[in-house]
Amino acid sequence: MDIQKIRKDFPILSREVNGRPLVYLDNAATSQTPQQVIDSIVSYYHGYNANIHRGVHTLSQEATDAYEIAREKIQKHFNIAKSHEVIFTSGTTHSINLVANGFTSLLKEGDEILVSAMEHHSNIVPWQMLCERTGAVLKVIPMDHKGELEMDAFRALLSEQTRMVFCNHVSNALGTINPIEEIISAAHAVGAAVLIDGAQAAPHMKADLQELDVDFYTVSAHKMCGPTGVGILYGKEEWLTKLPPYQGGGEMIAEVTFEKTTYADLPHKFEAGTPNICGGIAFGTALDYLNEIGMEAIANYEDNLISYATEQLLAIEGLKIYGTADNKTSVISFNIEGIHPYDIGTILDKLGIAVRTGHHCAQPIMDFYKIPGTVRASFSFYNTEEEIDVLVEGVKKAKQMLA
Ligand SMILES: Cc1ncc(COP(=O)(O)O)c(CN[C@@H]2CONC2=O)c1O
């Protein structure tokens, strides 16, 4: 990987913040956008912006073709069997809510659904709302202080009453890569459906969804060098067929009369209204860009980066890392004894360094560690060891100023 050549693809990486070169280490929040994706957005609005799927004119056909080609690129990237198992959404939060809404008609009082202790709020709150609607019971798969799920406790929680299991592939707050193959297999053994939140995994590793045999998998384009406001829900056809539509409107219908409406086939049943046409097309371009570099090369490079960053940060006295799983990627959450993470983040920003501080929409994790939040540095393939050195020096300076 020619990092300097790659970095030139990202115009934003050459800007300054507070008079210093930007060091962007908040990739778990959103990734940056290469010129190729920016050009894809511009060329859509320059050349073939039109509404899709029903137009009789050339522009509409060009836009429709580009949008459906993007769907096929997503299908190929995640090794999905059928293109209609790819549902365009506005992102992971929308995708999870679509499934949670659909299960309202499939769950009954006393059914049990399991969620891991290290979830993002978007993979907790929709399921709590589902339990309120149905009388189902939410149970939590515990984690240990390393930030790894307690798999014996997970297996003990499974029963004939378990109907669903939800877990992130990678924790956005800890970087833990969860043993989803084992989770999927054990859940299927009791007949439970599994939704894996892939938001933090898909940017950093290949996810082969047929090999995983997962029932639902969610992805946000803005974490994968794509635009915000677009993502996908993958669902096995057998499950998507069982779920009722999420939103009513145009596109998702076959026939409408005031007496009765029949719904469109997959994927359109779940794609009501005018979608983020340009976003979907640009998501396809982002996948082209990532695959040009290669997901394996990206994963290997980022593994080396996080090992270097961990080693350098741990050399700072009083610094504690949260999330020390044997198998982790792309995220380092840390605090310095006696200093509030927000204060560290503020000083780092003055030095041009962008990190995230707070609970990272994972308050149960912070409660588990009994901390208000962390400083989270999150890496991508366009970051460098030199940028990590700037981060480390910045943390040392913040410690000196605040201790
Ligand atoms: C694991 C995980 N699941 C779901 C989401 C929600 O994704 P959307 O916002 O695209 O629907 C995020 C977002 N990550 C947050 C966003 O900012 N910082 C984070 O860690 C996430 O990291």
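In each ligand, atom 1 is the first atom listed, and ligand 1 is the first ligand listed. Since we're looking at a predicted model, the values are computed, not measured.
Within the 4.0 Å heavy-atom cutoff, Gly231 does not count among the residues contacting ligand 1. In this structure, Asn123 does not count as a contact residue of ligand 1, since none of its heavy atoms falls inside 4.0 Å of the ligand.
Within the 3.5 Å criterion, the main-chain N or O of Glu148 finds no donor-acceptor partner in the side chain of Thr176. A donor-acceptor pair under 3.5 Å links the side-chain atoms of Asn18 to the main chain of Asp349, judged by distance alone.
Which of Ala362, Ser220, Gly358 comes nearest to atom 7 (O) of ligand 1 through a heavy atom is settled by distance: it is Ser220. Nearest residue to atom 18 (N) of ligand 1 from His120, Arg376, His222, His359 is Arg376 (criterion: closest heavy atom). Among Lys223, His360, His121, the residue whose heavy atom lies closest to atom 15 (C) of ligand 1 is Lys223.
Side-chain polar atoms of Thr374 and His360 form a donor-acceptor pair below 3.5 angstrom. Between the side chains of Thr104 and Arg133, a donor-acceptor pair is found at a separation under 3.5 Å. Defined by atom type and a distance below 3.5 Å, a donor-acceptor pair is present between the side-chain atoms of Thr89 and Ser95.
With a 4.0 Å cut-off on non-hydrogen atoms, Arg356 touches ligand 1 through its side chain and not its backbone. Residue Glu119 does not touch ligand 1, judged by heavy-atom distances below 4.0 Å. Looking at Ala199 against ligand 1, only its side chain comes within 4.0 Å, counting heavy atoms. For Thr93, heavy-atom contacts with ligand 1 shorter than 4.0 Å involve the backbone as well as the side chain.
Using a 4.5 Å cut-off on side-chain heavy atoms (C-beta onward), Tyr246 and His94 make contact. At a threshold of 4.5 Å between non-hydrogen side-chain atoms, the residues Ile347 and Val395 do not count as touching.
Those atoms of ligand 1 with a heavy atom of Ser122 less than 4.0 angstrom away are 3 (N), 4 (C), 5 (C), 6 (C).
Regarding atom 17 (O) of ligand 1, its nearest protein heavy-atom neighbour is Ala29 CA, 3.4 Å. From the protein, the heavy atom lying nearest to atom 1 (C) of ligand 1 is Asp197 OD2, 3.4 Å.
Considering backbone and side-chain N/O atoms, Gln200 comes within less than 3.5 Å of an N/O atom of ligand 1.
Taking the six-membered ring where tryptophan is involved, the planes of Phe10 and Tyr289 are perpendicular, since the angle between them exceeds 60° and thus also 30°. Ring geometry for Phe368 against His145 counts as tilted: the plane angle lies between 30° and 60°, on a 0 to 90° scale.
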